[in-house]
Amino acid sequence: MYSMISYWLKYYRHECGLTQQQVADRLKIERSTYTYYETGKTKPDINTLIKIAKVYNINYTQLLQGVEQELEAAVAEIHSGPADEDSLKYRTHATTKYEVELLFVVRNLSPKQRKEVMNLAKSFITDSEETK
């Protein structure tokens, strides 16, 4: 999933006149790993963001521009979903930052991985109901 972080990574790399391979070499990572960051397939952790910012000679916060709006949009999307019985039984309070983070992680999984995560999560619910 393409994101603001992906956008800024590509933008600053082009501004610096670097190739993905050159950035990856400076970070001591595989080029494919960096490519995944730029395409949004995966997201760099905060330590990697700081290292990337050093390569581009910028503050790491510049790579996070617009991320807050992305999170707000994701939360709005969650809350504007259909109000059917199934969705309402899970919506009991405001969405927490943890839940939004989980949503972003799940959105970056393949459909098969999403299904596995959902089955695992549902098994936790079933297990906790059985132990009551």
Side-chain angles (χ1 to χ4, degrees):
M1 179 182 138
Y2 194 74
S3 68
M4 288 306 300
I5 293 174
S6 302
Y7 170 82
W8 290 119
L9 291 175
K10 189 171 185 176
Y11 172 85
Y12 285 113
R13 181 175 58 79
H14 282 283
E15 285 292 305
C16 292
L18 298 170
T19 66
Q20 288 180 341
Q21 185 64 58
Q22 289 169 321
V23 174
D25 289 346
R26 291 179 186 185
L27 297 172
K28 296 178 177 40
I29 61 174
E30 295 292 323
R31 185 198 55 79
S32 60
T33 300
Y34 184 80
T35 300
Y36 287 169
Y37 297 156
E38 276 195 14
T39 59
K41 190 169 186 175
T42 60
K43 292 197 177 21
D45 62 29
I46 190 66
N47 292 327
T48 304
L49 279 177
I50 292 169
K51 290 175 186 176
I52 292 169
K54 287 179 182 177
V55 169
Y56 297 150
N57 197 28
I58 60 172
N59 188 302
Y60 77 94
T61 59
Q62 291 176 262
L63 297 172
L64 301 174
Q65 294 176 75
V67 171
E68 187 173 338
Q69 289 84 357
E70 272 186 340
L71 289 172
E72 289 171 1
V75 170
E77 183 181 324
I78 291 168
H79 290 291
S80 68
D84 62 14
E85 189 176 311
D86 258 359
S87 66
L88 288 177
K89 74 179 178 183
Y90 296 111
R91 190 182 308 164
T92 59
H93 52 80
T95 306
T96 65
K97 287 184 180 183
Y98 175 78
E99 291 166 328
V100 172
E101 182 182 353
L102 184 59
L103 173 66
F104 273 94
V105 169
V106 170
R107 284 187 174 177
N108 285 301
L109 299 174
S110 69
K112 182 181 178 188
Q113 291 169 322
R114 286 180 188 173
K115 189 174 183 175
E116 290 175 20
V117 167
M118 185 58 78
N119 289 336
L120 179 61
K122 286 180 179 178
S123 75
F124 288 133
I125 293 169
T126 305
D127 291 346
S128 68
E129 288 174 354
E130 290 174 358
T131 59
K132 288 182 181 178

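Worth knowing before you read on, the calculation uses all heavy atoms, side chains too, and leaves out hydrogens, waters and symmetry mates.
- In this structure, Glu38 contributes its side chain and Thr35 its backbone to no donor-acceptor pair below 3.5 Å.
- With a 4.5 Å cut-off on side-chain heavy atoms, Lys51 and Val55 do not count as touching.
- Interatomic distance, Arg13 CZ to Ile52 CD1, rounded to the nearest 0.5 Å: 11.0 Å.
- With 3.5 Å as the limit, one finds no donor-acceptor pair spanning the side chains of Thr33 and Glu30.
- A single hydrophobic cluster is not seen to contain both Tyr34 and Tyr36; linkage of ILVMFWY side chains at heavy-atom distances under 4.5 Å, directly or through other members, places them apart.
- Listed here is the closest heavy atom pair of Tyr56 and Val23: OH-CG2, 3.6 Å.
- With hydrogens and angles disregarded, a donor-acceptor distance shorter than 3.5 Å links the side chain of Asp45 to the backbone of Thr48.
- Put simply, the side chain of Arg114 does not reach to within 4.5 Å of the side chain of Met118, judged on heavy atoms.
- The two residues Ser6 and Thr39 come nearest to each other via the heavy atoms OG-C, 4.0 Å.
- Once rounded to the nearest 0.5 Å, the distance linking CG of Asn57 with CD of Gln62 reads 9.5 Å.
- Looking at Trp8 and Gln65, their side chains come closer than 4.5 Å, going by heavy atoms from C-beta outward.
- The two residues Ile5 and Leu64 make their nearest non-hydrogen contact at CD1-CD2, 4.0 Å.
- Expressed to the nearest 0.5 Å, how far CD1 of Ile58 lies from OH of Tyr11 amounts to 9.5 Å.
- Among all heavy-atom pairs drawn from Gln22 and Thr19, the shortest one is OE1-N, 2.7 Å.
- You'll find the side chain of Tyr12 stays beyond 4.5 Å of the side chain of Leu18, heavy atoms only.
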